[in-house]
Enquirer: 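Let me give you the structure first, and then I'll get to my questions.
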Amino acid sequence: MSTGNAATTTAEGGMEGSGTAGTVSAEDAAAKVAHKRYGGLMTVRNKAIKGKGAWYWAHLEPLLVHNPDTGLPKAVKLKCCLCDTLFSASNPSRTASEHLKRGTCPNFASTPRPICAVSPNTNAIIAPPPLDSPTLSSPHTHHNHRKRSSSGGGGGGGGGGGGTSTVVPSPSSYHASPLVIIDPSRYCTEVGYSSAAAVSASSTAVTVATGGAVGMMGPHRHHQPQHLVLSGGKEDLGALAMLEDSVKRLKSPKASPGPALSKTQIDCALDYLTDWVYESCGSVSFSSLEHPKFKLFLTQVGLPGISRREICGSRLDAKYDEAKTEAEARIRDAMFFQISSDGWKLPSRGGGGGGGGGGESLVNLTVNLPNRTSVYRRAVFIGGQVPSKYAEEVLWETIAETCGNSVQQCVGIVADRFKNKALRNLESQNHWMVNLSCQCQGFNSLIKDFYRELALFKNVAENCLKLGNFVNHKSQIRNSFCKYQLREDGHSWLLRLPHHREQEEISSCFEPVHVLIEDILSSARALQSIPLDESYKIAAMEDQDARDFGEMMRDAGFWNDLEAVHSLVKLVKEMAHEMESERPLVGECLPLWEELRSRVRDWCAKFHVSEGGLVEKVIERRFKKNYHPAWAAAYILDPLYLIRDTSGKYLPPFKHLTHQQEKDVDKLITRLVSREEAHIALMELMKWRTEGLDPVYAQAVQLKQRDPITGKMRIANPQSSRLVWETYLTEFKSLGKVAVRLIFLHATSRGGFKSNLSLLRWVHMLGHSSRVGVDRAQKLIFIAAQSKLERRDFSNDDDKDAELFTLPNGEDDVLNEVFVDAASI
C-alpha cells in the first residue's frame, strides 16, 4: 500500500480526487487532493461514530501528513487509536481487517462472546484454554477460498461462517487443560448473575474461551457427552459469567461506556431530577427513588443514587427557600395585586375528583399581579365544609401577611365561594376592595339550576335511570347488551349507574346523571339493537318494563331530548373549561354571559325546546347572583372594548349597558376614590364617554394575532389596556387610578394550581397532628404550584393522562348517527 494512492483513490462516501490546473504547481495540486481526501474520510468517520457506518472507524483516525520542507499536506494516513500505528488511507476496510481482525494490533481484543452466544450445536465440545494463553491461531486451518471472516473473534472458525470448517490448534499454540463437559440436562434453572448463561447451558455443553477464540472439536467426537460437572455445581455458571466479564474489561479497556460525568454535570442532573419530583407534587412517590430499577437507571447514566430522606429534607428546604424568595420579590415589585382563593367549594359526590379520604380538600391562595402573571402564596387544608367566618379570617390573614401595613395594595379578592358573606363583608369594611365570585363556578352552578327548574332535565334523568336499572339488572337484557356492544365497539361494560344513595339524592346533583347520559349515547347502537334480539322478544311477552324499554328505544323524541340535555351541558362545560385555560379578566364577564345567551338561543332552535323562555329566565337569575358592578365598570374603562362610531372615534360601549348598569359604574368609581376626588372622577368619566381614545392607540390595543398552538386569534399585547392608561391617558388622573386597579382583575379563581388525589391522600394520612409532615406538604405544594404558574401551565396531569385514552372519533358524529337511526328502529 503506497501513499501515492491516497491522492487518487476515492473515499467511502464516493468522493473523487480532482485534477490539477495547468497553472498550479504539483505540490499545490497534491495538497488540494490530500485535503479533499482527508475531509471525505473525516465525514465518513463522523457518520460511523454516530452509528451510520462501519465498526472499525471507532479505532481508526485519519491524519493529514505535511511535507517538512514546504509545510503543505502531501498525504493522508490512518492512525490506529489503540497502538498509534500509521497506515495508508487507500483502503480503510482492508486495513481494519488485516490490522484489527487478524490480531496484528496488540491492544485490540475482540469482545469475548458470552456463554449464551455460542452456537447451539449439541455435537460440539468446547474447551477452555488457560487465561494466559495467546489468541488461538493455527497455520493448519484450511479454507476453500480467501474470504475473510466478519466475526469479531480473534480466531478463524469459532462460529463465524455456520460452523462448517474445523479449526485444529497447533500443539505449540497453547497447552490445553482437560476438557470440562457440562451436562445440559442438569442446568435448566436461572442463575443469579446471568440468566441467559443458564438458558444457553441447558441447550448446549459450553465453557468460556477466555482468550477471545473458541475451539471446536472435530466431527469424530459425536459421542454422547460425559456427565461431568463443574466443581461448584450449577451455581458456577454465574461465577463463570462474571469471570468472562472481568476478562472482557481487562482485555478491552477502550470499550468503556464513556467518560465519567463531572461534578457540575452530576449536580445539575440531580437538580433537574429533584425539580421534576417536586413539581409532580405527589404523582411521583419519594419511595420510588429507591426502587432497584430506578437505581440501575441512575447507574447506567452515570449518576449516583439519591435517598428519599435527602430529597424531602435538605434539598426540599433549599428549593423552597429559593422559590419563596423569588415569589416575595415579585410581589414587592408590584404596586397592587389581587388575591385568588380556590378550593372552598367542595366537589360534588359524583364529580369524580377533588377530595382525598374523609373529604380532605385543599384551598389555594394565589396573588394575581397587574402584568397578568400570578404568584403562589400558600395552601390551607380543610376537612369538609367550613363556616363563612373562617374563610373571611383566612383571606384577611393572607392579605395582612402579604401587604404588611399597606393593606390597600390588595385591590380585591376572587373566590369560588362565600360571595354573599365573607367577600361582601370584607368589601364593605374596606372601600377600596373589589371582591368577585368565580365565573367558572357560576357557569357550573348553572347546570344545577337547569336540573332543578327544567322539566326537560328531570324527564331525561328519570328515563335514563329507568333504562340503566333495567339493562344492568335484567340478566337476559344485560347479556344481549354486552353481545351487541362487543359487535359494535369491540368491548363491553355496564352502564355507570349512580349508587342507590346517590339515586335518592339525585335531585341535588346532576353529575351522576350526566355520566349515565354519556354512557347511553356512546352505547346507543347496542341499546337500539336489543329489541331485535330473540331473548328480548321472549322477555317482552311477560315483562311490562321490557315493553316500555322497547318503546323508549324506538321513540325519536327520547333520543332528541337526551341529545338536547347532553348538548346544553356540554356547551356550558366547554365555556367553563375555556375560562380555566384563558383566565379572563373582569371586563370580559358581560361579553361572556351575552355569548352564553346567544348560544342557548341557538340550542333552543336546534332541538325545538318548548321551555326556551324558562331557560332564559334560569340564566338571568344566575347572572344576577354572580353580577358585580365591577363587570360594567371594567367593560367601560378597558380600551379593548371600545367601539368605533360613524365619526371614526373609539368610544366606550355604554350602549350595551342597561340603565342600572350605568348607575353601577358611577357608584363603583365614586366608591374607589376619595370623597374629594369623586366629582373629578365623574367629570373625567363623562370626558372618556364623549372623547374616547385616539384611534391609533385604540387599534394598537385591539390588535390581534393568531396563536400558533391553538389557531385562535388573541390580543397581541394583553397588557396594553393597562399600559395605555398609565402612559398615554395621563390627563385622567382620578379615573386613571381606578382604571389601572380595576381592568387587571381576574374573573375566575380557577386555572391555577390543581392538587391531585395522591397529594390529598398523603395529607389525609398525615393528619394535622404531624407538624413536620404538614410543613413538608406545604413546601412541596408551594414549589409545584409556583413552577406551574411560572410556566403558565394551567392543565392537570390527570386530565392529560385521560386524553391519551380518548376515542379518535368525534362525539358529535356518534350523536348524529344515533338521532338519525332512532326513527328507523
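Reckoned from all heavy atoms, side chains included, excluding hydrogens, waters and symmetry mates.
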Enquirer: Going from CH2 on Trp631 to CG on Leu657, what distance comes out if it is rounded to the nearest 0.5 angstrom?
Expert: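 Trp631 atom CH2 to Leu657 atom CG measures 13.0 Å (nearest 0.5 Å).
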Enquirer: Are side-chain heavy atoms of Phe337 and Val411 found at a separation under 4.5 Å?
Expert: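 Contact flag for Phe337/Val411 side chains = no.
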Enquirer: Regarding Arg417 and Gln385, do their side chains bring together a donor and an acceptor under 3.5 Å, going by distance alone?
Expert: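 The criterion, which ignores hydrogens and geometry beyond distance, is satisfied for Gln385 and Arg417.
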Enquirer: Between Asp416 and Lys345, does any NZ, NE, NH1 or NH2 come within less than 4.0 Å of an OD or OE carboxylate oxygen?
Expert: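 Answer for the salt bridge query: no.
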Enquirer: Is Leu596 close to Leu592 at the side-chain level, that is, under 4.5 Å between some pair of heavy atoms?
Expert: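 No. Closest side-chain heavy atoms not under 4.5 Å.
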Enquirer: Can you establish whether the number of heavy atoms outside Asp602 located under 6.0 Å from its atom CG is more than 12?
Expert: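 Yes, because the 6.0 Å sphere around CG of Asp602 holds more than 12 heavy atoms from other groups.
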Enquirer: Counting C-beta onward and ignoring hydrogens, is there a side-chain heavy-atom pair between Leu585 and His746 closer than 4.5 Å?
Expert: yes
Enquirer: Donor-acceptor check, side chain of Tyr627 to backbone of Ala632, threshold 3.5 angstrom: yes or no?
Expert: no
Enquirer: Check whether any side-chain N or O of Tyr278 sits under 3.5 Å from a backbone N or O of Leu316 as a donor-acceptor pair, and report yes or no.
Expert: yes
Enquirer: Of all the heavy-atom pairs spanning Arg583 and Thr748, show the shortest one and how long it is.
Expert: CA-CG2, 4.1 Å
Enquirer: Please list all pairs passing the side-chain hydrogen bond (donor to acceptor under 3.5 Å, both in side chains) test where one or both residues lie in residues 388-400, with sequence neighbours left out.
Expert: Arg378-Thr398, Glu392-Asn425
Enquirer: Is it the case that the side chain of Trp344 and the backbone of Val363 share a donor-acceptor pair, with hydrogens and angles ignored and the cut-off at 3.5 Å?
Expert: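 Side chain of Trp344 to backbone of Val363: no pair is present.
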Enquirer: Can we say Lys617 and Glu620 salt-bridge, meaning some charged N sits less than 4.0 Å from an Asp/Glu carboxylate O?
Expert: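 Salt bridge flag = no for Glu620 with Lys617.
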Enquirer: Is Ile331 close to Arg377 at the side-chain level, that is, under 4.5 Å between some pair of heavy atoms?
Expert: yes
Enquirer: Atom CE of residue position Met713 - does it have more than 12 heavy atoms of other residues, nucleotides or ligands inside 6.0 Å?
Expert: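 Yes, CE of Met713 has more than 12 neighbouring heavy atoms, counting only those of other groups under 6.0 Å.
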Enquirer: As an exercise, state the distance from CG of Leu780 to CD of Glu279, rounded to the nearest 0.5 Å.
Expert: 10.5 Å
Enquirer: At their closest point, which heavy atom of Trp432 faces which heavy atom of Cys410, and how far apart are they?
Expert: NE1-O, 3.2 Å
Enquirer: Taking only residues two or more places apart in sequence, or in another chain, which ones meet Glu684 in a salt bridge (charged side-chain N to carboxylate O under 4.0 Å, His left out)?
Expert: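 Salt bridge (charged side-chain N to carboxylate O under 4.0 Å, His left out) list for Glu684, sorted by chain: empty.
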Enquirer: Tell me the side-chain hydrogen bond (donor to acceptor under 3.5 Å, both in side chains) pairs involving residues 324-337, sequence neighbours left out?
Expert: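 Of all non-adjacent pairs touching residues 324-337, those that pass side-chain hydrogen bond (donor to acceptor under 3.5 Å, both in side chains) are Arg330-Thr373.
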Enquirer: Looking just at side-chain N and O atoms, do Arg750 and Gln441 make a donor-acceptor pair shorter than 3.5 Å?
Expert: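 A pair is found: one side chain offers a donor N or O, the other an acceptor, under 3.5 Å apart.
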Enquirer: Test your reading of the model: is there a side-chain donor-acceptor pair from Ser406 to the backbone of Cys403, 3.5 Å cut-off?
Expert: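 Absent.
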Enquirer: Can we say Asp449 and Arg452 salt-bridge, meaning some charged N sits less than 4.0 Å from an Asp/Glu carboxylate O?
Expert: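 Yes, Asp449 and Arg452 are salt-bridged.
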Enquirer: Got a salt bridge between Glu518 and Lys570, using NZ or NE/NH1/NH2 to carboxylate O under 4.0 Å?
Expert: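 Judged by the 4.0 Å cut-off on N to carboxylate O distance, Glu518 and Lys570 do not form a salt bridge.
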Enquirer: Which value, rounded to the nearest 0.5 Å, describes the distance between Thr690 atom OG1 and Met686 atom CE?
Expert: 6.5 Å
Enquirer: In terms of ring plane angle, is the pair Trp688 and Trp725 parallel, tilted or perpendicular, where the classes change at 30° and 60°?
Expert: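 Taking Trp725 first and then Trp688, their aromatic rings sit tilted (interplane angle of 30° to 60°).
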Enquirer: Sub-3.5 Å donor-acceptor pair from the side chain of Gln439 to the main-chain atoms of Ser437, do we have one?
Expert: yes
Enquirer: Check this for me, if you would: do Arg622 and Glu453 make a salt bridge, where the nitrogen-to-carboxylate-oxygen distance has to be below 4.0 angstrom?
Expert: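 Salt bridge: no.
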Enquirer: Work out which heavy atom in Arg776 is nearest to a heavy atom in Cys312; give both atom names and the distance.
Expert: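 Distance-wise, the nearest heavy atoms are NE-O, 3.4 Å.
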Enquirer: Of the non-hydrogen atoms in Ser280 and Val277, which two are nearest, and what is the gap between them?
Expert: OG-O, 2.6 Å
Enquirer: Main chain of Leu571, side chain of Glu574: is a donor-acceptor contact present, judged purely on distance under 3.5 Å?
Expert: no
Enquirer: Flag the pair Gln661 / Val665 as yes when at least one side-chain heavy-atom distance between them is below 4.5 Å, and no otherwise.
Expert: no
Enquirer: Could you check whether any side-chain heavy atom of Arg597 comes within less than 4.5 Å of a side-chain heavy atom of Glu594, counting everything from C-beta outward?
Expert: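 With C-beta onward as the side chain, the pair touches.
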Enquirer: Between atom CG of Leu651 and atom CZ of Arg644, what is the distance when rounded to the nearest 0.5 Å?
Expert: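 Interatomic distance, Leu651 CG to Arg644 CZ, rounded to 0.5 Å: 11.5 Å.
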Enquirer: For the pair Tyr376 and Phe782, name the ring-plane relationship: parallel under 30°, tilted 30 to 60°, perpendicular over 60°.
Expert: perpendicular
Enquirer: If only atom types and distance count, is the side chain of Asp638 paired as donor or acceptor with the main-chain N or O of Ala634 below 3.5 Å?
Expert: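 Side chain of Asp638 to backbone of Ala634, a donor-acceptor pair under 3.5 Å: no, none is there.
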Enquirer: For Leu423, does its backbone N or O pair with a side-chain atom of Asn435 as donor and acceptor, under 3.5 Å?
Expert: yes
Enquirer: Do Arg315 and Asp271 meet the salt-bridge criterion of a basic N to acidic O distance under 4.0 Å?
Expert: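 Answer for the salt bridge query: yes.
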Enquirer: Looking only at heavy atoms, which two atoms of Asn368 and Ser340 are closest? And how far apart?
Expert: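 For Asn368 versus Ser340, the nearest heavy atoms are ND2-CB, 3.6 Å.
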Enquirer: Which pair of non-hydrogen atoms, one from Ile636 and one from Pro652, has the smallest distance, and what is that distance?
Expert: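 In this case the closest contact between Ile636 and Pro652 is O-CB, 3.7 Å.
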Enquirer: Taking the six-membered ring of Phe744, is the NZ or CZ of Arg722 close enough (under 6.0 Å from the centre) and on axis enough (within 45°)?
Expert: no
Enquirer: Measure up the Trp593 and Phe623 rings against each other and bin them: parallel (under 30°), tilted (30 to 60°), perpendicular (over 60°).
Expert: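 The rings of Trp593 and Phe623 stand perpendicular, inter-plane angle above 60°.
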Enquirer: Can you tell whether the side chains of Arg372 and Glu582 come within less than 4.0 Å, N to carboxylate O?
Expert: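 Here Arg372 does not pair with Glu582 in a salt bridge, since their nearest N and O are not under 4.0 Å apart.
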Enquirer: Looking at Arg714, Lys712, Arg706, which hits side-chain hydrogen bond (donor to acceptor under 3.5 Å, both in side chains) with Thr710?
Expert: Arg714
Enquirer: Decide if atom CZ of Arg675 counts as having more than 12 heavy atoms of other residues, nucleotides or ligands within a radius under 6.0 Å.
Expert: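 No - once you tally the heavy atoms of other residues, nucleotides and ligands closer than 6.0 Å, there are 12 at most.
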Enquirer: Between Ile447 and His514, is there a side-chain heavy-atom distance shorter than 4.5 Å?
Expert: no
Enquirer: Counting C-beta onward and ignoring hydrogens, is there a side-chain heavy-atom pair between Leu735 and Lys687 closer than 4.5 Å?
Expert: no
